[in-house]
Every structure is written in structure tokens, then in C-alpha cells.
Protein chains: 2
Amino acid sequence: MGAVIAEKNVLAASQASGLLKALADPLRMEVIQSLSEGECCVCDLMEKTGLAQSRLSFHLKVLKDSGLITDRQSGRWVYYKLDLKALQLLEDWIADLKKSCKNAAKPCS
Amino acid sequence: MGAVIAEKNVLAASQASGLLKALADPLRMEVIQSLSEGECCVCDLMEKTGLAQSRLSFHLKVLKDSGLITDRQSGRWVYYKLDLKALQLLEDWIADLKKSCKNAAKPCS
DNA sequence: AGAACGCATCAATTTATTTTGATGTATCAA
DNA sequence: TTGATACATCAAAATAAATTGATGCGTTCT
């Protein structure tokens with residue numbers, strides 16, 4: 001039981017780590033905020049965030065590689081949007097971790 | 001409304017960023033896993049994780065600075081334990097972010 | 001076809017994080 | 001009070017991540 005939960009955390013760990021790492025950056029969080037309003041092309045993201053194209057592109061790649069966002073090309077434009085499943089996965093992972101910590105506050109002998 | 005939520009995310013952003021950054025590391029996640037079993041002194045953590053003392057101490061400091069764990073000295077030993085409040089805060093922050101993304105999946109015009 | 005646009009990618013540099021080994025400090029035991 | 005234990009901290013080196021400016025590639029417009 002406890003082992004199952006622990007095992008689950010272990011298994012999802014590398015995946016969760018990727019998501020956490022991608023999310024744990026102020027610039028990328030800004031991008032996420034922007035995308036929370038809806039799908040958006042890179043040029044609009046540039047306006048919203050004020051980032052240079054190359055710089056933005058770099059961070060979009062990090063976010064995309066983590067699975068937090070997906071892209072879709074249409075003509076000359078590339079549209080990015082959040083993948084809510086990834087966010088849910090992260091929330092679940094933290095919830096699981098919390099569950100497995102029932103006696104985490106118990107003082108040591 | 002949406003603005004309130006957005007504002008809330010912005011405000012908590014730096015705080016959440018700190019927690020995410022601290023958590024987003026495989027070694028530190030291992031430490032967190034170990035601490036999920038209960039309060040633990042550094043020497044026991046060394047055994048559990050197999051990390052060298054100095055290295056472990058470094059990561060413990062990162063975790064402590066983020067607020068994810070707290071410490072308590074007793075004699076020669078220092079005991080660390082998880083702060084579940086921080087974990088809850090993180091979960092809440094992600095839940096809020098998700099909420100503010102209701103139309104994130106809506107395709108662009 | 002040629003030019004402009006939207007974006008990705010690359011190489012070089014800068015900056016931040018991590019690791020390592022050594023040293024410091026407090027506590028306890030002999 | 002000397003020595004050992006448990007841990008933190010520091011400086012130097014190693015590694016990783018981010019920034020910048022340039023270049024490339026596919027798409028549209030003319």
C-alpha cells in the first residue's frame with residue numbers, strides 16, 4: 001500500500017521532474033500565464049512577454065519538451081497552447097506525494 | 001474575476017517558483033521521498049540517499065531555503081522534516097493555475 | 001522567381017548551479 | 001581537555017542552463 005504509493009512516486013519522478021523544471025522559471029511562468037488565456041502564436045507571445053524571438057523560442061522548446069505545451073503549425077505561424085493534462089499530472093503527483101507523507105511530521109525517536 | 005485569479009497567480013508566482021525550483025531536482029526529490037517517511041537526521045539521510053555529506057548538506061539547504069523542509073537541532077544531530085504546508089501551497093497554486101486556464105485549449109482565430 | 005515574413009536552430013559567450021575536498025564549529029564522550 | 005562525531009560552510013573546479021546574434025528553412029506575397 002504505502003509501497004504502492006511510494007513506487008508510483010518513484011516511477012513518475014523523472015516525468016514530474018521534467019515538468020517541475022520547465023515550470024520553475026519566471027520567464028516560462030510568464031509564457032504559461034500568457035497561454036492560459038488561450039492558444040497563441042509566437043509573434044503574439046513576443047508582444048505579450050516582450051522577449052526577443054530567439055530567447056522566446058528557446059523557452060518554448062523547453063516547455064514543449066516537458067509536455068506542458070503543444071504546438072501546431074498553420075501557414076507561416078506556429079501556435080502554442082497549454083496541455084492541461086500535464087498540469088493535472090503535476091497536481092496529482094504532488095497530491096500523491098502529500099498522501100505518502102502522512103507521518104512526515106512525526107518527530108524522530 | 002479572471003483578473004483576480006490571474007493576479008493571485010502573479011503574486012504567488014515568485015513564491016511558487018522557489019518551491020518548484022527546489023523540488024525540480026532528482027536528488028532533492030529523493031531526499032523529499034526519504035523525508036516523506038518521517039523526520040530524519042542528516043546521517044540517516046546520507047545512508048538512505050547514498051550522498052556524500054557535503055553534497056547532501058548543500059541540497060538540504062536549498063530545500064530549507066525554499067521552505068519545503070524545516071530543521072531542528074538536538075545535541076549533535078540535526079533533524080529535517082517536510083513542511084506539508086509548503087506542499088499544499090504548491091498544490092493549490094497549480095490548481096489555481098489550472099482554473100485560470102479554462103479556455104487555454106481554445107484554438108486561435 | 002524573388003523578396004519578406006515567422007519561426008527554429010546553431011555557435012559562442014555569459015551566467016547559474018552543482019560537485020568536490022578542505023576547513024570550521026558545536027556537541028558529546030573519555 | 002583531548003579527541004571524536006555530526007554537521008555546515010567555503011573556495012575552486014566542473015557542469016548545466018540561458019542569452020545573444022547570426023543563419024537557415026519553409027511559407028506566403030508580389
Side-chain angles (χ1 to χ4, degrees), chain A residues 13-14 16-35 38-82 107-109, chain B residues 13-14 16-35 38-82 107-109:
Chain A
S14 65
S17 174
L19 291 174
L20 289 166
K21 223 167 177 177
L23 200 50
D25 176 273
L27 288 182
R28 289 194 286 267
M29 272 175 48
E30 238 189 289
V31 172
I32 295 284
Q33 289 287 343
S34 295
L35 288 179
E39 195 184 41
C40 194
C41 67
V42 177
C43 52
D44 284 353
L45 281 174
M46 280 183 61
E47 273 197 16
K48 287 190 184 193
T49 62
L51 296 179
Q53 187 268 316
S54 167
R55 198 173 169 201
L56 177 57
S57 205
F58 169 78
H59 288 290
L60 285 172
K61 180 166 167 45
V62 174
L63 287 170
K64 183 183 164 189
D65 288 348
S66 80
L68 272 172
I69 65 177
T70 57
D71 64 346
R72 146 181 95 83
Q73 182 158 12
S74 172
R76 282 192 274 192
W77 291 274
V78 175
Y79 294 94
Y80 283 91
K81 71 174 178 182
L82 282 180
C108 195
S109 56
Chain B
S14 66
S17 176
L19 292 173
L20 288 168
K21 220 166 171 178
L23 198 51
D25 176 272
L27 288 181
R28 289 194 287 267
M29 274 175 46
E30 238 188 292
V31 172
I32 295 284
Q33 289 287 342
S34 296
L35 289 179
E39 195 184 42
C40 193
C41 67
V42 176
C43 50
D44 284 353
L45 279 176
M46 277 182 63
E47 273 196 16
K48 288 189 183 192
T49 62
L51 296 178
Q53 188 268 318
S54 166
R55 198 175 170 199
L56 177 57
S57 205
F58 168 79
H59 288 289
L60 286 171
K61 180 166 165 47
V62 174
L63 288 169
K64 183 184 166 190
D65 287 349
S66 80
L68 271 172
I69 67 177
T70 58
D71 64 345
R72 149 180 94 84
Q73 181 159 10
S74 172
R76 283 193 273 190
W77 292 272
V78 175
Y79 294 94
Y80 283 92
K81 71 174 177 182
L82 282 180
C108 194
S109 57

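In the text below, chain A, chain B and the rest are named by the order of the sequence lines, each starting its count at 1.
Side-chain contact between A:L27 and A:T49 is absent, with no heavy-atom pair separated by less than 4.5 Å. Residues A:L45 and A:L35 are in side-chain contact: their nearest non-hydrogen atoms beyond the backbone lie under 4.5 Å apart. Between B:M29 and A:L20, the closest side-chain pair of non-hydrogen atoms falls below 4.5 Å. In this structure the side chain of B:T70 reaches within 4.5 angstrom of the side chain of B:K81, judged on heavy atoms.
B:R28 and B:K21 make their closest contact through NH2-O, 3.4 Å (heavy atoms, listed as atom of the first residue, atom of the second, distance). Residues A:A22 and A:L63 share a closest heavy-atom pair of O-CD2, 3.9 Å. Listed here is the closest heavy atom pair of B:Y79 and B:S74: CE1-CB, 3.8 Å. Of all non-hydrogen atoms in B:A52 and B:M46, the two that sit nearest each other are C-CE, 4.4 Å. Annotation for B:I69 and B:Y80: closest pair CD1-CD2, 3.5 Å, computed over non-hydrogen atoms.
The interatomic distance linking B:D44 (CG) with D:dA6 (P) rounds to 10 Å, in whole Å. In this structure, B:L63 places its CG atom 15 Å from C1' of D:dA8, rounding to the nearest Å. In this structure, B:D65 places its CG atom 12 Å from P of D:dA8, rounding to the nearest Å. If you measure from atom CZ of B:R72 to atom P of C:dA26, you get 20 Å, rounded to the nearest angstrom. When rounded to the nearest whole Å, the span between CD of B:E47 and C1' of D:dC7 equals 16 Å. If you measure from atom CG of A:D71 to atom P of C:dC7, you get 11 Å, rounded to the nearest angstrom. With rounding to whole Å, B:Y79 atom OH is found 11 Å from D:dA6 atom C1'. Note: CG (B:L60) to P (C:dT19) measures 12 Å, nearest angstrom.
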Pairs under 3.5 angstrom, nitrogen or oxygen only, protein versus nucleotides 24-30 of chain D, please.
none

* **Contact pattern, 5' to 3', of nucleotides 12-23 of chain D - B, S or - by protein heavy atom under 4.0 Å** => -----SBBBB--
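Surrounding NZ of B:K48 are more than 12 heavy atoms belonging to other residues, nucleotides or ligands, all under 6.0 Å away.
Between the two ends of the helix from C:dA1-D:dT30 to C:dA30-D:dT1, each summarised by a five-pair axis, the helix axis turns through 20° (rounded to 10 degrees).
For the atom pair SG of A:C40 and CD of A:E47, the computed distance is 9.0 Å after rounding to the nearest 0.5 Å.
Listed pair A:Y80 / C:dA8 meets the phosphate criterion, a side-chain N or O lying under 4.0 Å from OP1 or OP2.
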